[in-house]
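Report on one structure; see the data block that follows.
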2 protein chains.
Amino acid sequence: MADDPRALGDPGSESFRVDSYPFYLLNRAVSRYNVIIEAQLRAIEIDIPTWRVLMVLGEESPRSIGQLSKTAVIHLSTMMRIIERMMKAGLVERAPDAQDGRVTNVILTDLGREKLAAARKLTAPLYRQVISGFSQNEFTRLLEMLNRLHANLG
Amino acid sequence: MADDPRALGDPGSESFRVDSYPFYLLNRAVSRYNVIIEAQLRAIEIDIPTWRVLMVLGEESPRSIGQLSKTAVIHLSTMMRIIERMMKAGLVERAPDAQDGRVTNVILTDLGREKLAAARKLTAPLYRQVISGFSQNEFTRLLEMLNRLHANLG
DNA sequence: GAATTTTTGTTGCGTTTGCAAGTTTATTGG
DNA sequence: CCAATAAACTTGCAAACGCAACAAAAATTC
């Protein structure tokens, strides 16, 4: 018990060390990833929020602004502005939902699909670099643990 | 090879699925964590950047603004403003470095240490909730993989 | 079925952020 | 040593963000 590694990551413990705090490491990795990916995406003139929305819409379009906001964990008002920007850039269109008069659906345009394809091509090499050294097993376990973290925060 | 889980996370692959993209899951977990922790920290009137800097300074103070910026992966100019805010709140002090006339050192004040202690107490329960279900082994492996991701981005 | 509550989206406004351009101090190359 | 380059901040400015207040539609309650 004395040398439980989980104690080192516990902010309430005396032996706390930032390096063992999962969310410090998560934040660090994400931040570094964002810096790199942002620079790459600049070549095709899209920013990170746009890239995130494109990926989500790529799986299922249309989606409502609220769904997008929840899926990407971005405040609704912020998602509004992201969609506005994407509309101006011609990547998506907005249309009121037929069933529910409150919801606004967001639809990927052809240009949006092209940009998404371009972004995928562009970011694939970085992905391969990042997971290099990860076995299939490790990779699967990583995803599983990230899902578990997310669930534990619900 | 056909069902290599790593292919599902590859933006360049046909079979790409957002749910298998590690940085999507990372971003999601971090964002959700930030939302929760931000609400908790509001009770003691500090924001997330302040909390991050306090944690880092808690391990080693003084540190230069540049070091803080690199450690926390936050732009230098942004770190400037964070330190300014923290100074106004009395959490840190600034002092020019004796050896190098360019660098500005940041020192934790007594009030800063108190706030850090309070923040730790406050966030400990969430930490325990988040890692619940993680064995010592899993926890260690998680940290190791996050470090590997970070290194692969270097 | 009318009133209340919840859900979904929208907009105004102040704060925070990041880029770019500048200043000052160290370091490096002739 | 002097010039040129690099490193470590610093600040102005525009863009992005989040909160809060609002509007409109749907669901719930009585």
Side-chain angles (χ1 to χ4, degrees), chain A residues 27 30-43 45-53 57 62-89 91-107, chain B residues 27 30-43 45-53 56 62-89 91-107:
Chain A
N27 248 307
V30 165
S31 298
R32 189 178 270 196
Y33 162 77
N34 282 338
V35 168
I36 298 173
I37 212 77
E38 185 176 39
Q40 294 194 349
L41 290 176
R42 199 168 295 151
E45 303 205 312
I46 64 177
D47 57 17
I48 291 176
T50 297
W51 159 234
R52 281 222 262 169
V53 171
L57 281 178
R63 286 216 188 178
S64 73
I65 297 182
Q67 281 176 321
L68 289 172
S69 156
K70 273 172 199 148
T71 306
V73 194
I74 291 177
H75 282 238
L76 189 60
S77 63
T78 304
M79 185 57 77
M80 285 280 313
R81 270 69 179 255
I82 295 169
I83 299 300
E84 268 172 31
R85 268 182 275 155
M86 292 178 73
M87 252 183 36
K88 270 190 197 167
L91 304 176
V92 295
E93 280 171 1
R94 288 194 306 193
D97 189 89
Q99 273 75 44
D100 191 330
R102 294 168 299 179
V103 330
T104 306
N105 285 319
V106 181
I107 305 117
Chain B
N27 249 307
V30 164
S31 297
R32 189 178 269 198
Y33 162 78
N34 281 338
V35 168
I36 298 173
I37 213 76
E38 184 175 40
Q40 294 195 348
L41 290 176
R42 199 168 297 153
E45 303 206 310
I46 64 177
D47 56 17
I48 291 177
T50 297
W51 158 234
R52 282 222 264 169
V53 171
V56 172
R63 287 217 189 176
S64 73
I65 297 181
Q67 282 177 321
L68 289 173
S69 156
K70 273 171 200 149
T71 307
V73 194
I74 292 177
H75 282 239
L76 189 58
S77 63
T78 304
M79 186 57 78
M80 285 281 311
R81 272 68 179 257
I82 294 168
I83 299 301
E84 268 171 29
R85 269 181 274 157
M86 292 178 73
M87 252 183 35
K88 270 190 197 167
L91 303 176
V92 295
E93 281 172 0
R94 288 195 306 193
D97 188 88
Q99 274 75 46
D100 191 329
R102 293 168 301 180
V103 331
T104 306
N105 284 318
V106 181
I107 305 116

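Proteins come first, then strands; the chains are lettered A, B, ... in the order of their sequence lines, and each starts at number 1.
- For the segment residues 30-38 of chain A, the set of residues with a heavy atom within less than 4.0 Å of an atom of DNA chain D is empty.
- Atom CD1 in Ile82(B) sits about 9 Å away from atom C1' in dT17(C), given to the nearest Å.
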Would you give a per-nucleotide map of nucleotides 5-13 of chain C, 5' to 3', where B means the base has a protein non-hydrogen atom under 4.0 Å away, S means only the sugar-phosphate does, and - means neither? --BSBBBBB
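- When all heavy atoms are compared, the tightest approach of Ile82(B) to Pro49(B) is CD1-CB, 3.6 Å.
- Residues passing the side chain to side chain donor-acceptor pair (under 3.5 Å) test with Arg52(A): none are found, sequence neighbours excluded.
- For Arg63(A), the salt bridge (charged side-chain N to carboxylate O under 4.0 Å, His left out) partners two or more places apart in sequence, or in a different chain, are Glu60(A).
- Partners of Thr50(A) under the side-chain contact (heavy atoms from CB on, under 4.5 Å) rule, at least two apart in sequence or in another chain, are Ile46(A), Asp47(A), Leu54(A), Met86(A), Leu91(A).
- Listed here is the closest heavy atom pair of Met87(A) and Glu93(A): CG-CA, 4.3 Å.
- Here dC19(C) presents its C1' atom at 17 Å from CE of Met79(B), a figure rounded to the nearest Å.
- Residue Pro62(B) comes nearest to Ile107(B) through the heavy atom pair CB-CG1, 3.6 Å, listed as atom of the first residue, atom of the second, then distance.
- Contacts of Asp100(B) classified as side-chain contact (heavy atoms from CB on, under 4.5 Å), with partners at least two apart in sequence or in another chain: Asp97(B), Arg102(B), Val103(B).
- Protein chain B contacts DNA chain D over a range whose 5' and 3' limits, counting nucleotides with an atom under 4.0 angstrom from a non-hydrogen atom, are dA7(D) to dC19(D).
- Heavy atoms only, all atoms of each residue included: Val73(A) and Arg32(B) are closest at CG1-N, 3.8 Å.
- With axes fitted over five pairs at each extremity, the angle between the ends of the helix from dG1(C)-dC30(D) to dG30(C)-dC1(D) is 40° (10° resolution).
- Atom P of nucleotide dT16(C) and atom CE of Met86(B) are separated by 13 Å, given to the nearest angstrom.
- Residues satisfying the side-chain contact (heavy atoms from CB on, under 4.5 Å) criterion with Glu38(B), sequence neighbours excluded, are Arg42(B), Ile48(B).
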